[in-house]
Chemist: 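Before I ask anything, here is the structure I am working with.
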Amino acid sequence: MPGGGAVAGRKGRRLSCFGCSATRTVMSGHSRDGARWRLSHVLGYRTTKEQFHGFLEAKGQEKLHRETEAADPDGNVLAEPQAKRIRLEDGKTEDGWTEHTAEPREQPQAQKRARGQNKGRPHMKPMHYDKNRLCPSLIQEPAAHCFFGDRCRFLHDVDRYLETKPADLGPCCVLFETNGRCPYGVTCRFASAHLGPKGENLVQEELLARQAGAAPSVRNSLDKALQQQLRKRQVCFQKAEQALRQLSQDPVPAAAAIPEVPVAAGAAEQNNCDTPLDPAGLGAGTPPSSPGWTCGPLTDEDVVRLRPCEKKRLDISGKLYLAPLTTCGNLPFRRICKRFGADVTCGEMAVCTNLLQGQMSEWALLKRHQCEDIFGVQLEGAFPDTMTKCAELLNRTIDVDFVDINVGCPIDLVYKKVAGWLPWFPHLHSEVLSQVAECEGWDLGVCRCTCCGRGPSLLSPQGGGCALMNRTAKFQQIVRGMNQVLDVPLTVKIRTGVQERVSLAHRLLPELRGWGAALVTLHGRSREQRYTRLADWQYIEQCAKAASPMPLFGNGDILSYEDANRAMQTGVSGIMIGRGALLKPWLFTEIKEQRHWDISSSERLDILRDFTHHGLEHWGSDTQGVEKTRRFLLEWLSFLCRYVPVGLLERLPQRINERPPYYLGRDYLETLMASQQAADWIRISEMLLGPVPPNFIFLPKHKANAYK
């Protein structure tokens with residue numbers, strides 16, 4: 001066969017070598033969706049689990065002997081074959097999408113696959129590894145007097161601290177080279193780069209002066225004064241309270257009739273400046289004499305009110321949108337994706353109640369780097385009052401281009417969250433309390449009835465995330481209330497629905513367009529499906545027509561430029577990339593350049609090194625910052641190990657639902673990066689951040705991403 005080919009057998013697949021007549025039969029590896037893995041057999045990359053880990057334990061000094069039948073007549077191993085021609089695989093439809101059907105075959109009973117989250121995993125906080133911490137008053141320049149005096153729990157003896165401080169991790173400090181001064185001083189794990197002969201902290205005056213005159217590289221930090229006001233509940237939400245009063249007076253039907261097919265005439269009414277201005281900003285249903293009007297002196301805000309068409313518009317059609325990823329979608333990772341071509345970025349999901357309480361850890365999710373030219377934040381909440389107040393707070397305190405509502409989160413902590421909040425916010429949930437009043441033995445302390453045993457699961461429709469898709473009235477109030485207090489566009493991210501066979505998105509999209517959403521992103525899976533099925537892009541195509549003229553972005557199973565091209569053919573305005581960016585952040589470059597990038601292991605290691613530099617710059621270069629950077633690096637490595645280099649694949653492109661078999665890479669580092677064991681990820685982190693502390697433990701967030 002001059003072009004190479006394959007003939008499917010009953011239990012195996014007959015593979016013929018490109019450029020030679022040598023053939024062999026290999027077993028086809030099946031993923032959970034019936035997809036087939038075929039690694040290049042020319043160099044014999046496939047191996048067994050025992051050989052794979054045996055090779056890694058040998059530290060790459062001596063590769064295992066691998067016999068291949070694809071050798072030339074002289075006995076030399078053939079070079080890597082030239083680029084393969086993309087063939088129409090079995091099970092593909094004419095539009096290019098794959099319909100996976102499991103072949104009838106007898107399978108040995110396999111061990112139950114680990115799924116879900118490691119909720120009980122041991123989690124060590126970064127400060128646990130720095131017990132003998134130096135008092136912050138001594139780190140400041142000049143050293144200040146400790147406010148706590150003898151009651152301070154930190155060390156005040158620098159010599160004693162240096163005796164217990166771990167060894168430095170390297171000769172270069174990222175903060176010192178970037179900003180001209182390291183604020184961590186002697187506690188920095190790279191202190192030798194900026195400490196003088198007498199232990200003083202050196203400063204690069206020229207670089208420091210240049211940085212002082214420039215705009216800050218990171219914005220949207222929480223002011224200390226505002227934090228105190230939030231904790232004491234001294235912040236006034238005038239706009240939000242006015243909007244909530246108007247929403248409560250506006251009759252909203254509990255079960256509004258949602259049209260199945262969008263009306264084309266409604267497009268002409270969208271953003272029409274010639275229509276009369278609604279004083280209340282709530283639509284035509286609000287009478288002009290509504291008692292929600294403000295009273296008192298007339299201000300410019302009462303006279304000059306932004307019409308919907310005058311609000312700042314979000315024009316990102318055709319751009320590549322990096323999905324808001326919890327845990328892994330942090331600021332250093334977003335900087336990596338921006339470098340590879342991501343156009344739009346969004347912060348991690350932030351809980352609105354935590355923001356209203358002034359929690360620093362939650363406000364850290366809103367930070368924006370200067371390289372993020374189009375940036376938004378994503379909020380999660382279940383009730384109009386908290387979401388509207390949080391939107392007003394962010395509107396006047398941070399710099400963003402849009403605000404996104406999370407209506408797609410499937411985890412129970414969000415979906416059933418209201419049961420856990422009843423003891424702390426009973427005044428917010430009168431309708432929920434009325435539902436549980438029928439249980440005589442309901443205990444608010446444990447959120448469970450002591451008589452009948454009814455628990456939080458009965459209250460799941462009252463939660464946030466995906467639960468809002470079943471709470472149309474509350475969902476409408478949230479969108480309209482937030483849209484009224486925001487000066488930036490409001491977007492929504494949803495799923496197809498809650499249940500697997502009951503789709504709701506096509507019915508909600510016309511309503512969202514009328515409520516004021518500027519853009520909607522649709523993930524082509526339901527809450528019950530999670531990642532056990534492929535994303536339904538045919539349904540996304542149907543929803544794109546229902547949402548018109550409102551832009552709709554599609555999301556799900558994009559791992560190559562071919563996947564992106566097929567997604568854009570469905571009529572969506574753009575695509576959002578989530579897991580694909582975790583597996584290979586250079587995916588944005590592949591899509592824009594329309595090519596497959598056979599990136600080497602050394603280049604991938606350089607990407608990880610850049611991530612650690614961004615992490616040390618963001619989280620700090622002391623022990624806490626180093627270990628926090630290591631933790632997020634390890635979480636990312638739990639996804640990176642699923643990437644298979646292009647040069648090792650016989651069939652392009654790699655599918656996101658396929659799990660690769662064990663294989664040996666073209667060098668030791670490439671093999672190490674393919675390991676699915678957490679111990680090997682820790683070994684990679686030690687190449688970049690030095691040895692781990694004693695008693696270091698790491699278990700990934702998801703069970704399916706690592707094997708003991």
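The figures here come from the full heavy-atom set of this structure, side chains too, leaving out hydrogens, waters and symmetry mates. Just so you know, these numbers come straight off a predicted model, no measurement behind them.
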Chemist: With distance as the sole criterion, is a donor-acceptor pair present between the side chains of His596 and Gln654 under 3.5 Å?
Modeler: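 No donor-acceptor contact under 3.5 Å links the two side chains.
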Chemist: Is there side-chain contact between Arg525 and Arg530, with heavy atoms separated by less than 4.5 Å?
Modeler: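 When only atoms from C-beta onward are counted, Arg530 and Arg525 do not touch, as no gap falls below 4.5 Å.
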Chemist: Rounded to the nearest 0.5 Å, how far does OG1 of Thr386 lie from CZ of Phe383?
Modeler: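 So the CZ of Phe383 and the OG1 of Thr386 are separated by 7.5 Å.
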Chemist: For Thr326 versus Met349, what's the shortest heavy-atom pair and its separation?
Modeler: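 Heavy atoms only, the tightest pair is OG1-CB, 4.3 Å.
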Chemist: Hey, are Glu380 and Asn406 close enough side-chain-wise for a donor-acceptor pair under 3.5 Å?
Modeler: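 No, because no side-chain N or O of Asn406 sits under 3.5 Å from a partner of the opposite role on Glu380.
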Chemist: If the threshold is 4.0 Å, N to carboxylate O, is there a salt bridge linking Asp563 and Arg655?
Modeler: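 Yes.
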Chemist: Without hydrogens or angle criteria, can the side chains of Ser526 and Glu528 be said to hold a donor-acceptor pair below 3.5 Å?
Modeler: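 Ser526 vs Glu528: no donor-acceptor pair found between side chains.
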Chemist: Between Trp537 (side chain) and Gly556 (backbone), is there a donor-acceptor pair under 3.5 Å?
Modeler: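 Answer holds: yes.
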Chemist: How far apart are the closest heavy atoms of Cys543 and Leu552, and which atoms are they?
Modeler: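 The answer is C-CD2, 3.6 Å.
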Chemist: Before accepting this row, confirm whether a basic side-chain N of the pair Asp399/Arg368 lies closer than 4.0 Å to the acidic partner's carboxylate O.
Modeler: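 Yes, Asp399 and Arg368 are salt-bridged.
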Chemist: Quick one: pull up CG in Leu490 and CG in Leu314 and give me the separation to the nearest 0.5 Å.
Modeler: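 Result: 10.5 Å between the selected atoms.
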Chemist: Without hydrogens or angle criteria, can the side chains of Asp404 and Thr491 be said to hold a donor-acceptor pair below 3.5 Å?
Modeler: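 Yes.
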Chemist: So which atom in Gly381 and which in Cys352 form the shortest heavy-atom distance, rounded to 0.1 Å?
Modeler: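 So the two residues come closest at CA-SG, 3.8 Å.
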Chemist: When the aromatic ring centroids of His369 and Phe375 are compared, is their separation below 6.0 Å?
Modeler: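 Judged by ring-centre distance (under 6.0 Å), His369 and Phe375 do not meet the cut-off.
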Chemist: On the 0 to 90° scale, with breaks at 30° and 60°, tag the His523-Tyr531 ring pair as parallel, tilted or perpendicular.
Modeler: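 Ring orientation of His523 relative to Tyr531: tilted.
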Chemist: Under a 3.5 Å cutoff, is there a donor and acceptor pairing between the side chains of Gln594 and Asn565?
Modeler: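 Checked: Gln594/Asn565 side chains pair up, N/O donor to acceptor below 3.5 Å.
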Chemist: May I ask you to test the Ile494-Thr521 pair for a side-chain heavy-atom distance under 4.5 Å?
Modeler: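 A side-chain contact is absent here, since even the closest heavy-atom pair is not under 4.5 Å.
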Chemist: Hey, does Leu522 have a side-chain heavy atom less than 4.5 Å from the side chain of Arg495?
Modeler: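 Arg495 vs Leu522: side chains apart.
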Chemist: Are Ile591 and Leu587 side-chain neighbours, meaning at least one heavy-atom pair lies under 4.5 Å?
Modeler: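 Contact flag for Ile591/Leu587 side chains = yes.
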Chemist: Does Glu590 have any side-chain hydrogen bond (donor to acceptor under 3.5 Å, both in side chains) partners at least two apart in sequence or in another chain, and if so, which?
Modeler: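 side-chain hydrogen bond (donor to acceptor under 3.5 Å, both in side chains) check on Glu590 returns Lys584.
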Chemist: Is any side-chain heavy atom of Leu582 closer than 4.5 Å to a side-chain heavy atom of Trp636?
Modeler: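 Counting from C-beta outward, Leu582 and Trp636 do come under 4.5 Å.
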Chemist: Evaluate side chain to side chain donor-acceptor pair (under 3.5 Å) for Glu562 paired with Ser560, printing each intermediate quantity in order.
Modeler: CA-CA 5 Å; Glu562 292 98 335; Ser560 63; 3.2 Å; yes
Chemist: Using atom types as modelled, flag every donor-acceptor pair under 3.5 Å from a side chain in residues 316-324 to any protein atom, sequence neighbours excluded.
Modeler:
none

Chemist: Under 4.0 Å between a Lys/Arg side-chain N and an Asp/Glu carboxylate O for Asp557 and Arg566?
Modeler: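 Result for this pair is no, no salt bridge flagged.
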Chemist: To the nearest 0.5 Å, how far apart are CZ in Phe632 and CZ in Phe333?
Modeler: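 Here the interatomic distance stands at 13.0 Å.
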Chemist: Please check if the distance between the ring centroids of Trp597 and Tyr561 is under 6.0 Å.
Modeler: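 They do not qualify: ring centres at least 6.0 Å apart.
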Chemist: Find out whether Met673 and Leu608 are in side-chain contact, i.e. whether some heavy atom of one side chain is under 4.5 Å from a heavy atom of the other.
Modeler: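 Met673 reaches Leu608 side chain to side chain.
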Chemist: On a heavy-atom basis, which atom in Gln499 and which in Val502 lie closest, and how many Å separate them?
Modeler: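 Result for this residue pair: OE1-CG2, 3.2 Å.
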Chemist: Do Ile599 and Trp586 make a side-chain contact, defined as non-hydrogen atoms from C-beta onward lying under 4.5 Å apart?
Modeler: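 Yes, at least one pair of side-chain atoms sits under 4.5 Å.
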Chemist: What is the distance from atom CD of Glu500 to atom CZ of Arg533, rounded to the nearest 0.5 Å?
Modeler: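 Spacing of CD (Glu500) from CZ (Arg533) equals 5.5 Å.
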Chemist: If you measure from the Lys or Arg side-chain nitrogens to the Asp or Glu carboxylate oxygens, is any gap between Lys474 and Asp385 under 4.0 Å?
Modeler: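 Answer for the salt bridge query: no.
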Chemist: Identify the residue among Thr345, Asp373, Asp343 that makes a side-chain hydrogen bond (donor to acceptor under 3.5 Å, both in side chains) with Lys338.
Modeler: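 Result: among Thr345, Asp373, Asp343, Asp373 is the only option passing the side-chain hydrogen bond (donor to acceptor under 3.5 Å, both in side chains) with Lys338.
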Chemist: Tell me every residue that passes ring-ring contact (aromatic ring centres under 6.0 Å, His included) with Phe475, counting only those two or more places apart in sequence or in another chain.
Modeler: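 With neighbours one apart ignored, the set is Trp515.
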Chemist: Contact between Glu348 and Cys328 at the side-chain level, heavy atoms closer than 4.5 Å - yes or no?
Modeler: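 No, their side chains stay 4.5 Å or more apart.
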Chemist: Distance-only, no hydrogens or angles: does the Arg334 side chain make a donor-acceptor pair with backbone N or O of Gly329 under 3.5 Å?
Modeler: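 Such a contact is found between Arg334 side chain and Gly329 backbone.
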